[in-house]
Amino acid sequence: MAQTEPEDQAAMPLIEHLAELRTRIIRSVLALLVGVVLCFFIAEPTLNFIAEPISDVLRARGEDPRLIFTAPQEKLFVLFRISILLGLAVSFPVIAYQMWRFVAPGLYTNEKGAFLPFVIASPLMFLLGASFAHYVVTPLAMDFFIGFSDVVPALANLVAGHDADPVVAQNEELKTVFLGSVRETLDISLKFIFAFGICFQLPILLTLMGKAGLVSADGLKAMRKYAVVGILVVAALVTPPDVITQVILFTVVYALYEISIWLVWWVERKRAEEEEEESF
């Protein structure tokens, strides 16, 4: 297949390449720093937004929806961490543009047309996965983790026969109250967000591999049984020991795998049509 030549025909000396790379990196770092500084002012509302699923679970249980910090510097460091992540997200368009401007002159025209849509789709799919984790998975996980603390005492009372005398059971039972740490709550919420955000990159990754000829639709179909096992393992590792959450993750990721097969098939069909047109 004939390829259109890169825009910049002249070979750029190595020193000029390094100088341009340095310029792109400096601009990216400055954009990140500006984003971090600006996002620090909205870090507190963002923390409240991330903690909203666990707040809803606590309200439903009739408990006080509060998070605590056990060290003087803990909340400040949490806010710094949130501002860094938000700053990276806000500055990502600038960073991606700088990366694109560095690599684009060395790409063929058809390669640019093939690669650019994936650069745009990748953050959108990550955002979709993160939203799914925040609004669906995290509430289920928090409800399971916090609610599990009631299961063991109830079983112990049942075995000891305290259920026959609720007053005695209430007086003798050790009361446990959930006092969530700001740092720990943020950690588990971010784990879900990044896990599902990365899982939602599966169609993009497989489609890129399909365009490069590394995988085929028939090959992906033949690997279905191995994909099922792999997805089950991932679901068991990144979710709590909760069957509902694991089933949700398995269903979503397997659906993405099937979508990837269709996308790779579409890429192969389009490539075959282009080759057939060029043969005439």
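FYI, side chains are in, hydrogens and waters are out, and symmetry mates aren't considered; it's all heavy atoms of this structure. Here the structure is a predicted model, which means the values were calculated and not measured.
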Exercise for review: Kindly say whether the aromatic ring centers of Phe196 and Phe126 come within a distance under 6.0 Å.
Suggested key: no
Review point. Val36 and Leu190: same hydrophobic cluster, using ILVMFWY side-chain contacts below 4.5 Å?
Key: no
Practice item. Output the distance between atom OG (Ser83) and atom CG (Leu88), rounded to the nearest 0.5 Å. Key: 11.5 Å
Exercise for review: In plain terms, say whether Lys75 and Glu44 are close enough for a salt bridge, that is, a side-chain N and a carboxylate O under 4.0 Å apart.
Suggested key: yes
Review point. If every non-hydrogen atom of Thr138 is compared with every non-hydrogen atom of Ser189, which pair is closest and at what distance?
Key: CG2-OG, 4.2 Å
Check your understanding: Does atom CZ of Arg269 have more than 12 heavy-atom neighbours, drawn from other residues, nucleotides or ligands, at distances under 6.0 Å?
Key -> no
Exercise for review: Tell me whether Val267 is reachable from Ile259 by hopping between hydrophobic residues (I, L, V, M, F, W, Y) whose side-chain heavy atoms are closer than 4.5 Å.
Suggested key: yes
Practice item. To the nearest 0.5 Å, tell me how far Ile261 CD1 sits from Met223 CE. Key: 11.0 Å
Practice item. Apply side chain to side chain contact (heavy atoms under 4.5 Å, CB included) to Val90 and list each qualifying residue two or more places apart in sequence or on a separate chain. Key: Cys39
Check your understanding: Same hydrophobic cluster for Val34 and Ile82, using side-chain heavy-atom links shorter than 4.5 Å among ILVMFWY?
Key -> no
Check your understanding: When you check the side-chain N and O atoms of Thr23 and Gln98, is any donor under 3.5 Å from an acceptor?
Key -> no
Point to revise | Pairing residues for Phe92 by the side chain to side chain contact (heavy atoms under 4.5 Å, CB included) criterion, not counting sequence neighbours | key: Ala96, Pro123
Check your understanding: Which distance, rounded to the nearest 0.5 Å, do you find between the SG of Cys199 and the CG of Leu249?
Key -> 5.5 Å
Check your understanding: Is it true that atom CZ of Arg66 has more than 12 heavy atoms of other residues, nucleotides or ligands lying nearer than 6.0 Å?
Key -> no
Point to revise | Chi angles and distances behind the side chain to side chain contact (heavy atoms under 4.5 Å, CB included) call for Leu202, Met125 | key: CA-CA 9 Å; Leu202 183 64; Met125 290 298 293; over 6 Å; no
Check your understanding: Do Arg27 and Val94 come close enough that some side-chain heavy atom pair is under 4.5 Å?
Key -> no
Check your understanding: Hey, is Lys221 close enough to Glu258 for a salt bridge, meaning N to O under 4.0 Å?
Key -> no
Point to revise | pair Phe250-Val234: side-chain heavy atoms closer than 4.5 Å | key: no
Study note, to complete from the structure: Heavy-atom closest pair (Ala133 atom, Pro139 atom, distance to 0.1 Å) is O-CD, 4.2 Å
Point to revise | Interatomic distance, Asp218 atom CG to Trp265 atom CH2 [nearest 0.5 angstrom] | key: 11.5 Å
Exercise for review: Calculate, to the nearest 0.5 Å, the distance between atoms CZ and CG belonging to Phe200 and Leu128 respectively.
Suggested key: 5.0 Å
Check your understanding: Among Leu47, Ile50, Ile54, whose side-chain contact (heavy atoms from CB on, under 4.5 Å) with Thr185 holds?
Key -> Ile54
**Study point:** pair Glu74-Ser181: side-chain heavy atoms closer than 4.5 Å
**Key:** yes
Exercise for review: Answer yes or no: is there a donor N or O on one side and an acceptor on the other, between the side chain of Glu20 and the main chain of Phe102, under 3.5 Å?
Suggested key: no
**Study point:** Test item: Glu268 side-chain N/O and Gly210 main-chain N/O as donor-acceptor pair under 3.5 Å
**Key:** no
Point to revise | Beyond-backbone contact of Ile248 with Phe132, side-chain heavy atoms, under 4.5 angstrom | key: yes
**Study point:** Closest approach of Pro65 to Leu58 (non-hydrogen atoms, all atoms of both residues)
**Key:** CA-CD1, 3.8 Å
Exercise for review: State, with a plain yes or no, whether a side-chain heavy atom of Val182 is found less than 4.5 Å away from one of Leu186.
Suggested key: no
Check your understanding: Which residues pass the side chain to side chain donor-acceptor pair (under 3.5 Å) test with Glu184, sequence neighbours left out?
Key -> none
Check your understanding: Same cluster or not: are Tyr226 and Val264 linked, directly or through other Ile, Leu, Val, Met, Phe, Trp or Tyr residues, by side-chain heavy atoms under 4.5 angstrom apart?
Key -> yes
Study note, to complete from the structure: One should read off an interatomic distance between Ile42 CD1 and Leu79 CG, to the nearest 0.5 angstrom, of 11.5 Å
Exercise for review: Treat each ILVMFWY residue as a node, draw an edge where side-chain heavy atoms are under 4.5 Å apart, and state whether Leu205 and Tyr254 are in one component.
Suggested key: yes
Practice item. Answer whether the closest heavy-atom distance between the side chains of Tyr257 and Leu220 falls below 4.5 Å. Key: yes
Review point. Does the side chain to side chain contact (heavy atoms under 4.5 Å, CB included) test come out yes or no for Ile95 and Arg24, once each step is laid out?
Key: CA-CA 8 Å; Ile95 297 174; Arg24 302 296 179 187; over 6 Å; no
**Study point:** ring-ring contact (aromatic ring centres under 6.0 Å, His included) pairs, two or more places apart, involving residues 47-81
**Key:** Phe40-Phe80, Phe49-His134
Check your understanding: Among all residues two or more places apart in sequence or in another chain, which pass the side chain to side chain contact (heavy atoms under 4.5 Å, CB included) test with Ala19?
Key -> none
Practice item. Kindly say whether Lys211 contributes a backbone atom to a donor-acceptor pair with the side chain of Arg271 at under 3.5 angstrom? Key: yes
Practice item. Determine whether Leu263 and Leu206 make a side-chain contact, defined as any pair of heavy atoms from C-beta on separated by less than 4.5 Å. Key: no
Study note, to complete from the structure: When every non-hydrogen atom of Ser260 is compared with those of Pro203, the smallest separation belongs to OG-CA, 3.0 Å
Review point. Which residues satisfy the side chain to side chain contact (heavy atoms under 4.5 Å, CB included) test with Leu127, sequence neighbours excluded?
Key: Ser131
Check your understanding: Can you name the closest pair of heavy atoms from Ser122 and Ile204 and give their distance?
Key -> CA-CD1, 3.3 Å
Check your understanding: Do Leu86 and Thr46 have side-chain heavy atoms sitting under 4.5 Å apart?
Key -> yes
